[in-house]
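What follows is one structure encoded as structure tokens, with my remarks underneath.
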Amino acid sequence: PEFINRLDDVIYMNFLTPEVVAGIARNQIKRVSQQLVERGKSLEVSAAAFEQIIREGYSAQYGARFLNRTIENRVLKPVAKFLFERPAATKLLVDVAGNGTTVAEV
């Protein structure tokens, strides 16, 4: 906020490409995966789930602003709930089922 408040001119930026959005999502999911590895767990996100995350987390108007929230709703919360119910699970797969996200042990 401090940096943005110091700007006194209009800054023009290019729109994010789908490849850039996919890279951002991949990096954020990788961070989540690394946190799970530190706890002795592994995480895989199916291609279908990854595409759903990108679709929901990106808009032409707002860019990738909602990507964090989408990853939280589609990956973090379902994984946390799954691990709460099955703390011994070690290999997790995030996939899609209808409009929702599923987590399974593989």
Side-chain angles (χ1 to χ4, degrees):
E2 291 82 14
F3 173 72
I4 292 173
N5 288 334
R6 293 182 184 267
L7 299 176
D8 58 358
D9 204 355
V10 176
I11 298 175
Y12 294 97
M13 298 182 166
N14 293 328
F15 290 104
L16 295 175
T17 65
E19 294 81 20
V20 171
V21 174
I24 294 169
R26 200 172 292 110
N27 286 339
Q28 290 179 342
I29 291 170
K30 185 177 179 181
R31 254 188 258 138
V32 172
S33 180
Q34 288 172 341
Q35 290 174 348
L36 287 171
V37 166
E38 293 171 4
R39 291 166 176 75
K41 317 272 185 212
S42 67
L43 175 69
E44 180 181 342
V45 177
S46 73
F50 188 74
E51 291 299 320
Q52 184 181 47
I53 289 167
I54 293 171
R55 247 187 342 269
E56 287 182 22
Y58 173 75
S59 77
Q61 183 178 6
Y62 297 110
R65 181 171 291 164
F66 303 112
L67 196 55
N68 284 337
R69 186 178 311 144
T70 303
I71 290 173
E72 182 178 323
N73 290 333
R74 294 291 182 177
V75 179
L76 288 174
K77 287 180 181 179
V79 165
K81 181 179 178 190
F82 185 84
L83 288 174
F84 180 76
E85 295 170 354
R86 296 182 184 184
T90 57
K91 295 183 180 184
L92 307 173
L93 171 67
V94 175
D95 204 355
V96 293
N99 289 334
T101 302
T102 64
V103 179
E105 185 174 14
V106 289

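If you're wondering where the values come from, they're calculated on a predicted model, not measured in any experiment.
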So how far is it from [X] [atom1] to [Y] [atom2], rounded to the nearest 0.5 Å?
| X | Y | atom1 | atom2 | result |
| --- | --- | --- | --- | --- |
| Ile29 | Ile53 | CD1 | CD1 | 4.0 Å |
| Thr90 | Arg39 | OG1 | CZ | 15.0 Å |
| Leu76 | Thr70 | CG | OG1 | 11.5 Å |
| Lys30 | Leu43 | NZ | CG | 13.5 Å |

Taking all non-hydrogen atoms of both residues, which atom of [X] and which atom of [Y] are closest, and how far apart?
| X | Y | answer |
| --- | --- | --- |
| Glu72 | Pro78 | O-CD, 4.1 Å |
| Val96 | Thr102 | N-OG1, 4.3 Å |
| Ala25 | Leu67 | N-CD2, 3.7 Å |
| Tyr58 | Ala64 | CD1-N, 4.1 Å |
| Ala89 | Leu83 | O-CD2, 4.0 Å |

Val32 and Leu93: same hydrophobic cluster, using ILVMFWY side-chain contacts below 4.5 Å? no
Heavy-atom side-chain proximity of Gln28 to Asn68 below 4.5 angstrom: yes
Between the main-chain N or O of Gln35 and the side-chain N or O of Lys41, is there a donor-acceptor pair closer than 3.5 Å? no
Indicate every side-chain donor-acceptor pair of residues 8-23 with a distance under 3.5 Å to a residue at least two apart or in another chain.
from: Thr17; atom 1: OG1; to: Glu19; atom 2: OE1; distance (Å): 3.3
from: Thr17; atom 1: OG1; to: Val20; atom 2: N; distance (Å): 3.2

Before you tell me yes or no, could you show the steps for Asp95 and Thr101 under side chain to side chain contact (heavy atoms under 4.5 Å, CB included), namely the whole-Å CA-CA distance, both residues' side-chain angles and the distance that decides it to 0.1 Å? CA-CA 6 Å; Asp95 204 355; Thr101 302; over 6 Å; no
Are there over 12 heavy-atom neighbours, none belonging to Tyr62, within less than 6.0 Å of that residue's OH? no
Is Arg74 salt-bridged to Glu56, going by a charged N under 4.0 Å from an acidic O? yes
